[in-house]
Amino acid sequence: MHFTLADLVTDITQNAVEAGSDEVVLEVNETDKEFRFLVKDNGKGMTEEELKRAIDPFVTDGIKHPNRKVGLGLPFLIQTAQQSGGGWDIKSEKGKGTSVTAWFDTGNVDIPPTGGIPGMFRTILMFDSKAEIILRRKKANGDEYEVCKSELADVIGGFEEVSSLVLLGEYLNSLENDE
């Protein structure tokens with residue numbers, strides 16, 4: 001099970017990256033009453049039947065994780081959103097990509113903690129993929145920012161060196177905590 005909303009967002013974003021996408025957009029929006037995210041990719045997409053199987057916790061294609069008999073990423077997301085007073089929506093078209101949206105009532109007692117947004121963003125930017133990753137953030141106080149993986153990699157020299165990762169973490173923290 002996922003401990004935080006950031007864990008859920010990371011899992012769904014990883015699915016998008018692994019779907020053969022050239023571009024993945026993650027939007028994380030918060031208000032005083034709601035935490036909402038959208039993950040949109042231009043990857044392989046799913047047919048209506050594949051989407052039905054993807055949201056069934058007792059089905060997996062056996063390709064991504066050959067020894068698993070169940071796939072739980074989307075089912076956990078759906079369950080968590082519903083039990084915390086929120087909802088979800090998934091749209092997918094074979095060969096064109098998928099978009100996953102989920103929202104959570106921040107006043108609901110069953111909502112998991114948000115988790116660390118800068119750490120989540122750093123993890124997502126470090127996914128082993130050539131896909132362009134665009135992160136958009138709108139905070140409850142109205143502040144907004146956007147970061148792009150290729151631009152950050154150019155500025156800090158990639159994501160392989162520890163010093164670059166420290167700099168990336170500091171930068172993301174400054175964006176999130178600049179009130």
Any donor and acceptor pair, going by atom type alone, linking the side chain of [X] with main-chain N or O of [Y] inside 3.5 Å?
X	Y	result
T106	D32	yes
E132	K149	yes
K139	E176	yes
T123	G119	yes

Between [atom1] on residue [X] and [atom2] on residue [Y], distance to nearest 0.5 Å:
X	Y	atom1	atom2	answer
L172	N177	CG	CG	10.5 Å
F104	L5	CZ	CG	5.0 Å
R122	N173	CZ	CG	7.5 Å
F76	D11	CZ	CG	9.5 Å
K130	S150	NZ	OG	13.0 Å

Inspect the surroundings of NZ in K33 and state if more than 12 heavy atoms from other residues, nucleotides or ligands are less than 6.0 Å away.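 No, because the 6.0 Å sphere around NZ of K33 holds 12 heavy atoms or fewer from other groups.
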Does atom NZ of K40 have more than 12 heavy-atom neighbours, drawn from other residues, nucleotides or ligands, at distances under 6.0 Å?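 At most 12 heavy atoms, drawn from other residues, nucleotides or ligands, come within 6.0 Å of this atom.
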Residue among V39, L38, D7 satisfying side-chain contact (heavy atoms from CB on, under 4.5 Å) with I12: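 Among V39, L38, D7, the one that satisfies the side-chain contact (heavy atoms from CB on, under 4.5 Å) with I12 is V39.
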In terms of side-chain geometry, is the basic nitrogen of R136 or E146 positioned less than 4.0 Å from the acidic oxygen of its partner?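 Looking at E146 together with R136, the answer is yes, because their closest N to O distance falls below 4.0 Å.
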Looking only at heavy atoms, which two atoms of [X] and [Y] are closest? And how far apart?
X	Y	result
A81	G87	CB-O, 3.5 Å
D41	S21	CB-OG, 3.1 Å
V25	E23	CG2-OE2, 3.9 Å
T101	R36	CG2-NH1, 3.8 Å
I133	L135	CG2-CD2, 3.8 Å
A131	S129	N-OG, 2.9 Å

Would you list the atom pairs, donor with acceptor, under 3.5 Å between side chains in residues 152-171 and any protein atom, with sequence neighbours excluded?
{"from": "S164", "atom 1": "OG", "to": "I156", "atom 2": "O", "distance (Å)": "2.9"}

Is [X] linked to [Y] within one hydrophobic cluster, defined over Ile, Leu, Val, Met, Phe, Trp and Tyr using a side-chain heavy-atom separation of less than 4.5 Å?
X	Y	result
I90	V28	yes
M120	W103	no
M126	I117	yes

Member of E27, E144, E30 meeting the salt bridge (Lys or Arg N to Asp or Glu O under 4.0 Å) criterion with R137: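 With R137 as partner, salt bridge (Lys or Arg N to Asp or Glu O under 4.0 Å) holds for just one option, E30.
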Please lay out, stage by stage, how D105 and S84 fare under the test side-chain contact (heavy atoms from CB on, under 4.5 Å). CA-CA 6 Å; D105 176 355; S84 62; 5.9 Å; no
Stepwise side-chain contact (heavy atoms from CB on, under 4.5 Å) check, F127 with V24: CA-CA 11 Å; F127 285 156; V24 175; over 6 Å; no
Run the side-chain contact (heavy atoms from CB on, under 4.5 Å) test on T31 and F35 for me, step by step, so that the C-alpha distance in whole Å, both residues' side-chain angles and the decisive distance to 0.1 Å come before the verdict. CA-CA 7 Å; T31 67; F35 179 94; over 6 Å; no
Would L175 and F121 count as a side-chain contact (heavy atoms from CB on, under 4.5 Å) here? Give the steps. CA-CA 11 Å; L175 291 172; F121 282 169; over 6 Å; no
Under the side-chain hydrogen bond (donor to acceptor under 3.5 Å, both in side chains) test, residues paired with T98 that sit two or more places apart: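 T98 satisfies side-chain hydrogen bond (donor to acceptor under 3.5 Å, both in side chains) with S92 once adjacent residues are dropped.
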